[in-house]
Engineer: 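One structure, as structure tokens, below. Some questions next.
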Amino acid sequence: MKNYMYCLALIVFCTMKLHAQTVGIGEVSTIESKAGSIEAARLRILQLESELPQLEKLWQDKLQKLRSEIEQIYKDRDNLIADMKAGARCSKCNEWKSEFEKKGQSFEKHLGEVKGYAIPATTSELETARKGFSEKIAILKVQLKNLEKGDNTILKKKEQIQKLKDDNDRLCQEITLHSKNYEVILLNDSKAKHKMWSDELMASAVKTLISDDKITICKAKIPRIEKEFQNLSEEIKQKLKNDNEKLLQSKNNSISSNEQKINTIQTLHESRLLQLQVQVQELEALKNGLQKELSSDSIVARLEMTGKQLVVIRDSITELEKQTKDSIALLQAENKKLNAEIWSLKTDLPNEQQKALLPLKEKRDAKKKETELLHAAAISELAENKKSFAEKTAQCQKNNDVYTTEISIECTRMYAAGQKVGCPVYNSIKGTVASNWNETASCVKAVASLSKPYSTNVFNAYCKGQDSSGYMSGYKNFLASLSSEDKLAVKEASNADWFELMMR
């Protein structure tokens, strides 16, 4: 039998060990222990109450016996006094008639046997007899009165029963209080656990948000890089075009200036040539006139002088023609060169522009490539973070399920213990914990999925104050580190209220 009980206890112990225990297990054990004490006390009460009828009977028997004794003494007194007054006492043995009657003997026969006679009692004997009976009756009445108040054994048992009942009432109240304490302990413990799990999930959700924002930033950055390239390209091309136009204008101005110079030279040439030709004509006329008058030496001398002057003037005309031709040729050559340069400037402008854009294109391509690599890395990172978030969410849900199962087992134990002894116990903590976790999980899911522009409110009623929690500082720091262009990209892809809240 002992081995059987030991094995049974071992099986119960091992079964209990299969389930983890919460921080409130002490309250559960206390409730079960107190319920056991109540059961033991009730058994004791039943035992004591089962003894009461027999004790009550014995007490009533004692009462009846005392009452009978008193009644008998009254009868004995009345009979004795009657005998004493009637002279019914034996002269030989001094016993009264009533005493023989008690024995079932005949007083008259006794007198005949002992040859005695009946004698009466004296007044003193009557008073003594009455006093003796009164004292006996008084003593028995006191005993009866005391006994009527209750039997000590019964009273003690009833006191024991009442004390056990009072103790059970107190234990029952304590069971209720312990069940309430269990709920308070479990509520605080569950809040701590939920905060720990939600903090872990929120930290994972923040990583997901950051990865998502990185993708958004990369997507917005590529067209921004292209736009920046186009703007800078236009600036460079316009600058080269402006510089080209300035050079063209300068060279065209030089050509115009040279043409004006040629016109001036030609005008001066014609004017000077005309003067020289007039001088030649005058000299020719003078020479012809002098040749007609060759009669004198002075005329001959003048003729020679005129001839020399004509040679000088004709040489001047020749020199003038040469200088004019050379000057014009020089200016025309310069204009030809300028026109060639103008042609080159006009035809080479697109090439020069493309050449100037090469470093900018290389820089743009490098930025694009870097952004595309970051974009690919962010996509991979987002996938990993989403997977990690999903796994952690499932694990936290599993943890909470295990936790609520533990609570359910312990609550069932408490309820069973309370029901067994009829004591009320609090039994709402499991539902409260489940509800609180659903609210916490809802908050986490809202942050993970509603921060983008799909909803007007990310932090619902269950998430009040969550925006200032420590785990959000990482996301806020990430946003703070972004450039104004990247912030704008994230803002356009985010819930407006959420973004403003995160930027506070």
Side-chain angles (χ1 to χ4, degrees), residues 201-244 348-392 444-459 467 471-504:
L201 284 180
M202 283 293 194
S204 180
V206 164
K207 289 181 180 178
T208 302
L209 293 180
I210 291 175
S211 299
D212 199 8
D213 286 346
K214 285 180 181 178
I215 293 173
T216 299
I217 289 168
C218 289
K219 285 181 178 178
K221 195 171 185 179
I222 290 175
R224 197 165 70 240
I225 290 170
E226 187 61 34
K227 186 177 179 181
E228 181 184 1
F229 168 75
Q230 293 298 335
N231 291 339
L232 289 174
S233 296
E234 287 303 317
E235 289 179 11
I236 291 172
K237 287 166 74 175
Q238 190 60 45
K239 184 178 182 304
L240 288 172
K241 183 180 178 182
N242 292 341
D243 291 345
N244 185 276
D348 289 347
L349 177 60
N351 293 332
E352 289 297 321
Q353 287 176 330
Q354 291 299 318
K355 184 179 178 181
L357 291 179
L358 280 177
L360 189 62
K361 284 182 179 180
E362 290 174 356
K363 189 175 181 181
R364 175 202 63 184
D365 293 343
K367 284 184 178 180
K368 274 189 174 182
K369 185 175 181 180
E370 180 185 5
T371 303
E372 286 167 355
L373 289 173
L374 289 173
H375 183 242
I379 291 173
S380 176
E381 182 182 281
L382 177 61
E384 284 296 320
N385 287 335
K386 281 186 174 181
K387 180 182 177 184
S388 176
F389 178 73
E391 290 173 349
K392 286 180 180 178
V444 175
K445 290 176 182 176
V447 172
S449 62
L450 302 182
S451 59
K452 300 308 159 190
Y454 309 126
S455 173
T456 57
N457 185 17
V458 175
F459 289 117
D467 58 287
Y471 47 72
M472 295 310 302
S473 61
Y475 186 66
K476 290 182 177 181
N477 291 338
F478 167 74
L479 292 179
S481 69
L482 299 178
S483 65
S484 57
E485 294 90 350
D486 291 344
K487 283 178 184 174
L488 180 60
V490 173
K491 181 179 180 180
E492 289 176 349
S494 299
N495 179 297
D497 294 337
W498 155 269
F499 184 82
E500 292 301 327
L501 192 62
M502 290 298 99
M503 290 302 297
R504 288 178 188 172

Engineer: Under a 4.5 Å cut-off applied to non-hydrogen side-chain atoms, are Gln354 and Lys361 in contact?
Structural biologist: yes

Engineer: Could you pull out every donor-acceptor pair under 3.5 Å between side chains of residues 376-384 and any protein atom, sequence neighbours left out?
Structural biologist:
from	atom 1	to	atom 2	distance (Å)
Glu381	OE2	Ser211	OG	2.7
Glu381	OE2	Lys214	NZ	3.4

Engineer: To the nearest 0.5 angstrom, please state how far the CZ atom of Arg224 sits from the CG atom of Leu488.
Structural biologist: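 Between Arg224 CZ and Leu488 CG, I get 8.5 Å after rounding to 0.5 Å.
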
Engineer: If you take all heavy atoms of Thr208 and Lys386, which pair is closest and at what distance?
Structural biologist: CG2-CG, 3.9 Å

Engineer: Within the structure provided, determine whether Lys487 and Leu479 are in side-chain contact (heavy-atom separation under 4.5 Å).
Structural biologist: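 They are not in contact (no side-chain heavy atoms under 4.5 Å apart), so the answer is no.
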
Engineer: For Asp243, enumerate each residue passing the side-chain hydrogen bond (donor to acceptor under 3.5 Å, both in side chains) test, keeping only those at least two apart in sequence or located in another chain.
Structural biologist: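 Here the qualifying residues are Lys239.
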
Engineer: Can you tell me how far the CG atom of Leu209 sits from the OG1 atom of Thr216, to the nearest 0.5 Å?
Structural biologist: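 One finds 10.5 Å between CG of Leu209 and OG1 of Thr216.
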
Engineer: Please report, to 0.1 Å, the donor-acceptor pairs under 3.5 Å made by any side chain of residues 230-237, with sequence neighbours excluded.
Structural biologist:
from	atom 1	to	atom 2	distance (Å)
Gln230	NE2	Glu226	OE2	2.9
Asn231	ND2	Lys227	O	3.3
Ser233	OG	Phe229	O	2.6

Engineer: What's the spacing between Lys491 NZ and Asp486 CG if we round to 0.5 Å?
Structural biologist: 14.5 Å

Engineer: Let me confirm one number: the NZ-CD distance from Lys369 to Glu372, rounded to the nearest 0.5 Å.
Structural biologist: 9.5 Å

Engineer: I'd like to check Tyr475 versus Asp213 (side-chain heavy atoms, cut-off strictly below 4.5 Å). Are they in contact?
Structural biologist: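 Yes; the side chains approach each other to less than 4.5 Å.
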
Engineer: How far apart are the closest heavy atoms of Leu240 and Glu352, and which atoms are they?
Structural biologist: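 Answer, listing the atom of Leu240 first, then Glu352: CD1-O, 3.6 Å.
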
Engineer: Short question: side chain of Asn385, backbone of Lys207 - any donor-acceptor pair under 3.5 Å?
Structural biologist: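 A pair under 3.5 Å: yes.
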
Engineer: If you take all heavy atoms of Ile225 and Arg364, which pair is closest and at what distance?
Structural biologist: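 The pair with the smallest heavy-atom distance is CG2-CG, 3.7 Å.
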
Engineer: More than 12 heavy atoms of other residues, nucleotides or ligands under 6.0 Å from NZ of Lys368: is that the case?
Structural biologist: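 Count over threshold, so yes.
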
